[in-house]
Amino acid sequence: MVDAREYHERTKHSMESVRNDAFSLDYANKPRPYKVYEDRPRVSPPEPMRSVEEPALSAVANASADPRDGENASSVDFRNVVTLCHYATGVTKELEKQGRRMRFRAASCTGKLYHVDLYAVVGDVDGVAPGVYHFDPDSGSFDVLREGDYRGALARAAGSQRSVSNAPVTFVATSEWWRNAWKYRERTYRHAFWDSGTILANLLAVAHGTGRRATVVTGFADDAVTRLLGVDPEEEAPLELVPVGSGDPVPDASDVAAIDPDETPPSEEVVDYPLVPDAWRQSRVADGEAARAWRNGFDELPEDALGTHGPGDGETIALDPVDAETASSRPVSATVERRGSLREYGHDAVSPRQFATVLDRALRGVPFDCLGSDGSRRLVDCYCLVHAVDDVPSGAYQYHPEANVLERLGDADRRTAGRLALGQSVVGDAAVNVYLMADVDAVVEAVGNRGYRVAQLAAGIELGRLYLATYAHRALGGRGFTFFDDLVTEQFSPRAANQTPMTLFAFGKPKT
């Protein structure tokens, strides 16, 4: 039995833990990066929309559940469902390299292991019968898990949360633990929220980009959702719900009979890492009433309860992001298709307006069920190591999104930046390193182990938005990295002495 604080401490990277780690990867037992059902019927979908024209920088900047355009297009048809799945976790391009076919997914994932799956719980939408479907990114088709409208069961599990109760479709993100634990072992529970976060960043961007309401719901009865999907949480567990659309009240909850679909194992041998499902179990809520009470508990917290920091007395630099009229107009769909994983950075400086625009658009807040309707309440703070931004001296900073200013905390250099990131010098080559950090002790004390999920997820979604805001600019690229947890805290102390890093994103110009 492990609580989130203990889990986090036990899965930190340190120089000693990395040096003494004798683990090696068993490539002969590498898991398949997608699920295969043996006995489920399939639905062949229509082609996804190949162009979502809303500019990516506009779509990712949305902190509200409602789309930016005044008219809320509440209706959803099957082609919309297909489009959302495709740009969230589908295969967006294929390349031939040295005789091998390489398939690239829409969102980044630790180790390219793709352990996060999407399920769609659909009501009466045009083009497909009501049911519970699993999206198969390998084929682009949908496995039929249940026939009938089960949206009421989800609404009951979520404590009648408004968005779930009125959405024509709600997506459920899960992690099949072994597909990530093959490489990352006990850290997989962290990665579940990082990786589902990058997927949800895409899902929210496409939903908002097509004018549809979308919310990230983290308060729900886990066992009820597990039963609905027919998964075993020792192997695969639900992480988040994302209702899309509105104006379609769900029916009363019906009984949910147990199902146990036959699946082909992801690899010859599945190795258990008990710490991962145990951490998930310790953050469950029992039923819809408990989910609602947990969610409402955020409203009763004092402003400083979650351990985040407002501006201090350090020197500040005002940032000047471009306005909507002059910002890059690269569409959401083209940005998702362009997104990559930059491996080599040049040392050329990024313009201050590009830097300001990436931070401004990506870090405005996320439409969570528990953090306020406008995303204004934060669980994570943003810190930057700046190496090459015109007119911004190199150094360590905290970024304050509400005021759009950098507050200087101290010095920084490229060599130190690489050392913090598990000794990966490429991180120091980037123009900027963005760390999203949270006070795990304060979060768990205030809202329990489930709050740790939300902190990791908030950082994961903002990581995904940093990807999209970066790749919306033609000259920029970036990538997520891992880190030595406590060394990062030391780097940004005393300001961040109570906080620990959730995610790291490095961006800049590609090496030419």
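- Salt-bridge formation is not detected for the pair Asp223/Arg281: no Lys NZ or Arg NE/NH1/NH2 atom is positioned less than 4.0 Å from an Asp or Glu carboxylate oxygen.
- Remark: Leu466 CG to Arg479 CZ distance equals 15.5 Å, nearest 0.5 Å.
- Residues Glu9 and Arg5 are not paired through a salt bridge, judged by the lack of any N-O separation under 4.0 Å between the basic side chain and the carboxylate.
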_Quick one, Arg179 with Asp117, criterion salt bridge (Lys or Arg N to Asp or Glu O under 4.0 Å). Give me CA distance, side-chain angles, the key distance, then yes/no._
CA-CA 11 Å; Arg179 278 157 49 194; Asp117 280 80; 2.8 Å; yes

*Go through Tyr119 and Phe171 one step at a time and tell me if the ring-ring contact (aromatic ring centres under 6.0 Å, His included) criterion holds.*
CA-CA 5 Å; Tyr119 297 78; Phe171 296 93; over 10 Å; no

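- What you find for Gln491 and Thr416 is that their closest heavy atoms are OE1-CG2, 3.5 Å.
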*Please lay out, stage by stage, how Glu240 and Arg453 fare under the test salt bridge (Lys or Arg N to Asp or Glu O under 4.0 Å).*
CA-CA 10 Å; Glu240 306 98 23; Arg453 290 192 192 187; over 6 Å; no

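- At least one side-chain heavy atom of Trp194 sits under 4.5 Å from a side-chain heavy atom of Gln456.
- The shortest distance between side-chain heavy atoms of Met49 and Arg79 falls below 4.5 Å.
- Arg151 and Asp248 are joined by a salt bridge, as a carboxylate oxygen and a charged side-chain nitrogen come within less than 4.0 angstrom of each other.
- Between Asp287 and Arg284 there is no salt bridge, since no side-chain N of the basic residue sits under 4.0 Å from a carboxylate O of the acidic one.
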_Stepwise side-chain hydrogen bond (donor to acceptor under 3.5 Å, both in side chains) test for Asn433 and His387_ = CA-CA 8 Å; Asn433 308 150; His387 309 299; 3.0 Å; yes

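- For the ring pair (Phe, Tyr, Trp, His ring centres under 6.0 Å) condition, the pairs that include at least one residue of residues 437-463, sequence neighbours left out, are His8-Tyr452.
- Counting heavy atoms from C-beta on, the side chains of Tyr397 and Ile317 come closer than 4.5 Å.
- The pair Arg465-Glu462 fails the salt-bridge criterion, with no side-chain N (NZ, NE, NH1 or NH2) lying under 4.0 Å from an Asp/Glu carboxylate O.
- Side-chain contact of Glu236 with Ser175: a donor-acceptor pair under 3.5 Å is absent, judged by distance alone.
- Here the straight-line distance linking atom CH2 of Trp280 with atom CG of Leu239 works out to 9.0 Å at 0.5 Å rounding.
- The shortest non-hydrogen separation linking Cys382 to Leu363 is SG-CD1, 3.6 Å.
- In summary, of the residues considered (Leu379, Ile461, Thr215, Val217), a side-chain contact (heavy atoms from CB on, under 4.5 Å) with Phe368 occurs for Ile461 alone.
- In this structure, Arg338 fails the cation-pi test against Tyr471, since its NZ or CZ atom is not both closer than 6.0 Å to the six-membered ring centre and inside 45 degrees of the ring normal.
- Ring-plane geometry between Tyr184 and His191 is classed as perpendicular, the angle between the planes exceeding 60 degrees on a 0 to 90 degree scale with a lower cut at 30.
- Checking side-chain atoms of Gln282 against main-chain N and O of Ala279 turns up no donor-acceptor pair under 3.5 Å.
- Summarising the local packing, CZ of Arg474 is surrounded by 12 or fewer heavy atoms from other residues, nucleotides or ligands at distances under 6.0 Å.
- Val52 has its side chain out of reach of Pro331: every pair of non-hydrogen atoms, C-beta onward, lies at least 4.5 Å apart.
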*Kindly determine whether Asp441 and Asn498 satisfy side-chain hydrogen bond (donor to acceptor under 3.5 Å, both in side chains), including the steps that lead there.*
CA-CA 8 Å; Asp441 287 343; Asn498 63 314; over 6 Å; no

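- Remark: Asp195 does not engage Arg105 in a salt bridge, criterion side-chain N to carboxylate O under 4.0 Å.
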*Could you walk me through whether Phe484 and His13 pass the ring-ring contact (aromatic ring centres under 6.0 Å, His included) check?*
CA-CA 5 Å; Phe484 289 122; His13 283 319; 7.1 Å; no

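- Rounding to the nearest 0.5 Å places NE2 of His473 at 7.5 Å from OG of Ser351.
- The shortest distance between side-chain heavy atoms of Leu457 and Ser196 falls below 4.5 Å.
- If you look at Tyr435 and Tyr383, their ring centroids are not closer than 6.0 Å.
- With contacts defined as side-chain heavy-atom distances shorter than 4.5 Å, the pair Ser58/Arg361 does not qualify.
- To the nearest 0.5 Å, atom CG of residue Leu84 and atom CZ of residue Arg212 are 8.0 Å apart.
- Glu176 is not listed as a side-chain neighbour of Val116, based on a closest heavy-atom distance of 4.5 Å or more.
- Neither side chain, Glu337 nor Thr92, offers a donor N or O lying under 3.5 Å from an acceptor on the other.
- Side-chain contact of Thr326 with Asp323: a donor-acceptor pair under 3.5 Å is present, judged by distance alone.
- Among Asn180, Thr198, Thr188, the single residue meeting the side-chain hydrogen bond (donor to acceptor under 3.5 Å, both in side chains) criterion with Thr110 is Asn180.
- For the pair Asp369/Val216, no side-chain contact is recorded, criterion being any heavy-atom separation below 4.5 Å from C-beta on.
- Smallest separation of non-hydrogen atoms from Ala469 and Ala362: CB-CB, 4.3 Å.
- Side-chain contact check for Gln398 and His309: no donor-acceptor pair (N or O, by modelled atom type) lies under 3.5 Å.
- Taking all atoms of both residues into account, the shortest heavy-atom contact from Val231 to Thr226 is O-CG2, 2.9 Å.
- By the 6.0 Å contact criterion, CG on Asp411 is open, its count of non-hydrogen atoms from other residues, nucleotides or ligands being 12 or less.
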*Give the C-alpha distance, both sets of side-chain angles, the deciding distance and a yes or no for side-chain hydrogen bond (donor to acceptor under 3.5 Å, both in side chains) between Asn449 and Ser283.*
CA-CA 5 Å; Asn449 289 330; Ser283 64; over 6 Å; no

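- Under a cutoff of 6.0 Å and an axis angle of 45°, Arg450 and Phe220 form a cation-pi pair.
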_With salt bridge (Lys or Arg N to Asp or Glu O under 4.0 Å) as the criterion, how do Asp429 and Arg414 come out once you've worked through the C-alpha distance, each side chain's angles and the decisive distance to 0.1 Å?_
CA-CA 6 Å; Asp429 291 334; Arg414 293 183 185 273; 5.1 Å; no

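- Checking Arg339 against Ser108 by side-chain atom types alone, no donor-acceptor pair falls below 3.5 Å.
- Here CG of Leu436 is found 4.0 Å from OG1 of Thr503. Values are rounded to the nearest 0.5 Å.
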*Taking it one step at a time, do Arg292 and Gln161 satisfy side-chain contact (heavy atoms from CB on, under 4.5 Å)?*
CA-CA 7 Å; Arg292 184 168 53 250; Gln161 198 274 339; over 6 Å; no

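- Here the shortest heavy-atom pairing between Val392 and Val386 reads CG1-CG1, 3.9 Å.
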_Between Thr11 and Arg190, is the side-chain hydrogen bond (donor to acceptor under 3.5 Å, both in side chains) condition met? List the steps._
CA-CA 9 Å; Thr11 56; Arg190 295 189 186 203; 3.2 Å; yes

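- For the pair Asn202 and Ala106, the tightest heavy-atom approach, listed with the atom from each and the gap, is ND2-O, 3.2 Å.
- Arg187 and Thr482 are linked by a side-chain donor-acceptor pair at a separation below 3.5 angstrom, with hydrogens and angles left out of the test.
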